[in-house]
Asker: 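Have a look at this one before I ask anything.
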Amino acid sequence: GSFWNLFPLGGFHSDGWEQFTCFGKITDLLHHTFLPVLSYTIGSFATLTVLMKNSLLENLNQDYIRTAYAKGLSEKRVIWVHALKNSLIPIATNSGHLIGIFLAGSYLIEKVFNIDGIGMLSFTSILRSDYPVVMGLLALNTALLLVGNLLSDISYSIIDPRIRFK
């Protein structure tokens, strides 16, 4: 099947993929991954947008923003330089957890788009009581979540130089 004959609805590559050229393999892979990546992105984008909006509105009501306006700074400069910088901290906090969400939510995406991936492997391993595979995937998910939290902490110090880890 296909979606308006633009994108394939299942699988990760076309039939006869082995005979494609290198460029053909890359374009076929991009063609098959567009809808799953779009599905991941829409869910994450909605969450991050609401979080950013709430954080920015909260920062716009702070005293330092009123002081910047009183100094005569333009609205564009106040928002982009002062308010946005402090509003990015909750986004940095949430971005570390997105890696774990990708692995946890990958089962649904893989089921819908008929892709044999890590989400489907973990689900079938749980159903079959394949404990070594379940424990290995749990260790992988935990390691990726730790790496995500580390990247989140590093991004704190990039966003706000006052934050230092000693």
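Note that the structure is a prediction, hence the values are computed from the model and not measured.
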Asker: Between Ser122 (side chain) and Ile118 (backbone), is there a donor-acceptor pair under 3.5 Å?
Answerer: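 Judged by distance alone, yes, a pair lies under 3.5 Å.
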Asker: Measure across Thr27 and Gly24 and return the closest heavy-atom pair with its distance rounded to 0.1 Å.
Answerer: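 That closest heavy-atom pairing would be OG1-O, 3.0 Å.
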Asker: Assigning hydrophobic clusters by single linkage (Ile, Leu, Val, Met, Phe, Trp, Tyr; side-chain heavy-atom cutoff under 4.5 Å), is Ile65 placed with Leu84?
Answerer: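 Unlinked, Ile65 and Leu84 end up in two clusters.
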Asker: Go through the steps for Asn59 and Tyr64 under the test side chain to side chain contact (heavy atoms under 4.5 Å, CB included), then give the verdict.
Answerer: CA-CA 9 Å; Asn59 280 325; Tyr64 69 93; 3.6 Å; yes
Asker: Quick check: is Phe34 connected to Phe12 through a chain of hydrophobic side chains (ILVMFWY, heavy atoms under 4.5 Å apart)?
Answerer: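 Yes, Phe12 and Phe34 fall within the same hydrophobic cluster.
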Asker: Give a yes or no on this: more than 12 heavy atoms of other residues, nucleotides or ligands lie within 6.0 Å of atom CD of Glu75.
Answerer: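 No, because the 6.0 Å sphere around CD of Glu75 holds 12 heavy atoms or fewer from other groups.
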Asker: State, to 0.1 Å, how close Thr142 and Leu138 come at their nearest heavy-atom pair, and which atoms those are.
Answerer: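 For Thr142 versus Leu138, the nearest heavy atoms are OG1-O, 2.8 Å.
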Asker: Can you confirm whether Gln62 is buried at CD, in the sense that more than 12 heavy atoms of other residues, nucleotides or ligands lie under 6.0 Å from that atom?
Answerer: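 Enclosed: over 12 neighbouring heavy atoms sit under 6.0 Å from CD of Gln62.
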Asker: Counting N and O atoms only, with roles assigned by atom type, does the side chain of Ser55 sit under 3.5 Å from a partner on the main chain of Leu51, one being a donor and the other an acceptor?
Answerer: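 Such a contact is absent between Ser55 side chain and Leu51 backbone.
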Asker: Determine the minimum heavy-atom distance between Ser87 and Ala83, stating which atoms define it.
Answerer: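 For Ser87 and Ala83, the tightest heavy-atom pair comes out as OG-O, 2.8 Å.
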Asker: Just one of Ile115, Leu121, Asp116 clears the side-chain contact (heavy atoms from CB on, under 4.5 Å) bar with Glu110, so which one?
Answerer: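 Answer after filtering Ile115, Leu121, Asp116: Ile115.
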Asker: List the steps, then state whether side chain to side chain contact (heavy atoms under 4.5 Å, CB included) holds for Met52 with Leu88.
Answerer: CA-CA 7 Å; Met52 184 67 186; Leu88 287 176; 4.0 Å; yes
Asker: If I compare all heavy atoms of Ala92 with all of Ser152, which pair ends up nearest, and what's the gap?
Answerer: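 Nearest pair, atom of Ala92 first, then Ser152: O-OG, 2.6 Å.
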Asker: Please determine whether side chain to side chain contact (heavy atoms under 4.5 Å, CB included) holds for the pair His82 and Leu73, giving the CA-CA distance in whole Å, both sets of side-chain angles, and the decisive distance to 0.1 Å.
Answerer: CA-CA 11 Å; His82 297 286; Leu73 295 176; 3.6 Å; yes
Asker: Look up atom CD1 in Ile91 and atom CD1 in Ile89, then write down how far apart they are to the nearest 0.5 Å.
Answerer: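 Nearest 0.5 Å value for the CD1-CD1 distance: 11.0 Å.
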Asker: Identify whether Leu145 and Tyr156 are in the same connected component of the hydrophobic contact network (ILVMFWY, side-chain heavy atoms under 4.5 Å).
Answerer: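 Leu145 and Tyr156: separate clusters.
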Asker: Taking only Lys NZ, Arg NE, NH1 and NH2, and the carboxylate oxygens of Asp or Glu, determine whether Lys25 and Asp28 approach each other closer than 4.0 Å.
Answerer: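 The answer is no: the pair does not qualify as a salt bridge.
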Asker: With rounding to the nearest 0.5 Å, note down the distance linking CG in Asp153 to OG1 in Thr93.
Answerer: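 If we round to the nearest 0.5 Å, Asp153:CG and Thr93:OG1 are 8.5 Å apart.
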Asker: What I'd like to find out is whether the side chain of Ile79 reaches to under 4.5 Å of the side chain of Leu60, using heavy atoms alone.
Answerer: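 In short, these two side chains touch, coming nearer than 4.5 Å.
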Asker: Quick check: is Leu140 connected to Val134 through a chain of hydrophobic side chains (ILVMFWY, heavy atoms under 4.5 Å apart)?
Answerer: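 Per the 4.5 Å side-chain linkage, Val134 and Leu140 are not co-clustered.
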Asker: Under a 4.5 Å side-chain heavy-atom rule over Ile, Leu, Val, Met, Phe, Trp and Tyr, are Phe7 and Leu38 clustered together?
Answerer: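 Yes, Phe7 connects to Leu38 through the hydrophobic network.
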